[in-house]
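Remember, it's 1-based here, ligands and their atoms both numbered in the order they're listed.
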Amino acid sequence: MNEKQILAGYEYAKEAFADAGVDTEQAMEQTNRIPLSVNCWQGDDVIGFDGAKTLSGGIAVTGSYRGRAATFQQLTADLEKAYSYIPGVKKLNLHASYAIKSDPERDRDAYTIEDFLPWVAWAKKMNTGLDFNPTYFSHPEMDGDFSLSSFSEKTRQFWIDHGKRVLEIAGHFADQMGQPSVVNFWMPDGYKDTPVDSAVRRRLMTESLDEIFSIDYDPAKVIPAIESKLFGIGAESYTVASHEYALGYALSRGLLYCLDAGHFHPTEVISAKISAVLQFVDRVLLHVSRPVRWDSDHVVTHDDELQRIMDEIVFNGFEERVFIGTDFFDASINRLAAWAIGLRNTRKALLYAALAPVEKMRRAEADGDYTLRLALQEERKNLPAAAVWNYYCLKQDVPQGRDWIDDVKAYEESVLEKRQ
Ligand code: RNT
Ligand code: ZN
């Protein structure tokens, strides 16, 4: 679509939305500044730079598309390309395994900000905030899938120290970037088969986590979250940090609860949980992902659940209380395209939520007129939101439609295909 067509489409859309009582300019402005935390690990199949050759911890990447980023230079080059396709405010979500070790002997229990200075410099150049994650997987100190709840005191201590180092580094990120750093704790700890003693691991986990959070960090700068999970590959029967566990821990310790879209029973959706959880915890973190039959971490598409998630945030005015990060990893398609598709959809769904004629729908509901509510909800789908999206991309100087796809293809030919 050329600029003339986009502008013509927008003129029509603006009027159509105004008729429905929606201010399109305000919707764009409101959603543009909501930060989306881009998961760095889509670019290299969750391998990182601190020594792992393969991925472990009950998660898996399938596919072997050409051009996996294997170095900091390659990953940042790919990220820069991907960023150019994604409108709106972005943060980079880093895992500790992406350390650029300043001392090759240094391990995860001793990382410092020194090991992340190239990332800080890059984030400054890109004007993008930094979120962070301890990496409790793909490492020889893992006790099978156990980390913070290992029976080995030495192993637990190693991972406790890792958690502490990550909180410290996140404090530096916040100072350097002038904005807080959300730090998500996900531990794969779990059993393939039914445990006899399901409580002991949870006691150990609680002790370990309490020890980590006993360090002095500034909660205005460092915002820790605990992610729950129903099961992992090889941990099908029991996970230590289950939903009840993680929610309970977050609630009792004043931390964020992280809801990952793929971490529940297949018929459960996280959109249904946001306003429930926010009655009791201050803020939540979302891992926007797409489960296909299981926690498959497919690239986020603009499906009903994605829209529902964003509707929940925007309709309820939870923009300040919900942090949004993506969490998918697909190596069967071009990895930059995966970022572009997943993040563009996430942003698009936010915009569509802000474009919904929600006041009319809300009134129908308050009046008990559920016929009207349903009719309006369905009519909403016919409003020309896509024309607003195209215009928004144009204004943000981000390619839309086929343009970004052609650009990714060109990058694939000129850069990705030349990689080993
Ligand atoms: C795993 C969790 C976790 C990871 C990332 C890499 O099931 O979803 O968030 O995907 O930390
Ligand atoms: Zn996740």
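- The nearest N/O/S atom of His287 to the Zn ion (ligand 2) is ND1.
- For Asn133, no nitrogen or oxygen atom sits less than 3.5 Å from a nitrogen or oxygen atom of ligand 1, counting backbone and side chain alike.
- Sorting the N, O or S atoms of Asp327 by how far they are from the Zn ion (ligand 2) puts OD2 first.
- Looking from atom 9 (O) of ligand 1 to the surrounding protein, the closest heavy atom is Glu227 OE1, 2.7 Å.
- Residue-level check: among N/O/S atoms of Glu227, OE2 sits closest to the Zn ion (ligand 2).
- Distance check: Thr31 OG1 to Ile313 CD1 gives 11.5 Å after rounding to the nearest 0.5 Å.
- Closest N/O/S atom of Asp260 to the Zn ion (ligand 2): OD2.
- Relative orientation of the Phe72 and Trp119 rings is perpendicular, given thresholds of 30° and 60° on the angle between their planes.
- Close N/O approach between Trp186 and ligand 1 is not found [any backbone or side-chain N/O within under 3.5 Å].
- At a 3.5 angstrom cut-off on N or O pairs, Trp41 does not count as close to ligand 1.
- For the pair Arg283 and Phe323, the NZ or CZ position fails the cation-pi test of under 6.0 Å to the six-membered ring centre and within 45 degrees of the ring normal.
- Checked by distance only, ligand 1 and Asn184 stay at 3.5 Å or farther apart across all their nitrogen or oxygen atoms.
- At a cut-off of 2.8 Å, Cys258 is not counted among the residues with an N, O or S atom near the Zn ion (ligand 2).
- Scanning the protein heavy atoms around atom 5 (C) of ligand 1, the nearest turns out to be His95 NE2, 3.6 Å.
- Close approach of ligand 1 to His263 is summarised as follows: ligand atoms under 4.0 Å from at least one heavy atom of the residue are 1 (C), 2 (C), 7 (O), 8 (O).
- The nearest protein atom to atom 8 (O) of ligand 1, hydrogens excluded, is given as Asp327 OD2, 2.8 Å; this is a heavy-atom distance.
- Checked options Tyr245, Phe213, Tyr249, Phe132; the residue passing with Phe185 is Phe213 (criterion: ring pair (Phe, Tyr, Trp, His ring centres under 6.0 Å)).
- Neither the backbone nor the side chain of Asp297 has any atom closer than 4.0 Å to an atom of ligand 1 (non-hydrogen atoms only).
- Residue Phe329 has at least one heavy-atom neighbour below 4.0 Å for each of these atoms of ligand 1: 10 (O).
- Here Ile113 contributes atom CD1 and Gln176 contributes atom CD; the two are 6.5 Å apart, rounded to the nearest 0.5 Å.
- Heavy-atom neighbours of Glu417 CD from other residues, nucleotides or ligands within 6.0 Å: above the threshold of 12.
- Geometrically, Lys273 does not engage Tyr257 in a cation-pi contact, judged by NZ or CZ lying under 6.0 Å from the ring centre and within 45° of the ring axis.
- For the atom pair Asn334 CG and Glu412 CD, the distance stands at 5.0 Å (nearest 0.5 Å).
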(request) Quick one: do Glu305 and Arg290 satisfy salt bridge (charged side-chain N to carboxylate O under 4.0 Å, His left out)? Show the steps, please. (result) CA-CA 9 Å; Glu305 169 59 3; Arg290 181 166 56 104; over 6 Å; no
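- Here the protein heavy atom with the shortest distance to atom 7 (O) of ligand 1 is Lys229 NZ, 2.7 Å.
- For ligand 1 and Asp295, the ligand atoms under 4.0 Å from any heavy atom of the residue are 7 (O).
- Counting the atoms of ligand 1 from 1 in the order shown, those under 4.0 Å from a heavy atom of Asp260 are 8 (O).
- The existence of a salt bridge linking Arg203 and Glu207 is excluded, since no basic side-chain nitrogen approaches an acidic carboxylate oxygen closer than 4.0 Å.
- In this structure, His139 has its ring center under 6.0 Å from that of Trp159.
- Of all atoms in ligand 1, listed by their number and element, those nearer than 4.0 Å to a heavy atom of His287 are 9 (O).
- Close approach of ligand 1 to Ile59 is summarised as follows: ligand atoms under 4.0 Å from at least one heavy atom of the residue are 1 (C), 7 (O).
- Relative orientation of the Phe173 and Phe116 rings is perpendicular, given thresholds of 30° and 60° on the angle between their planes.
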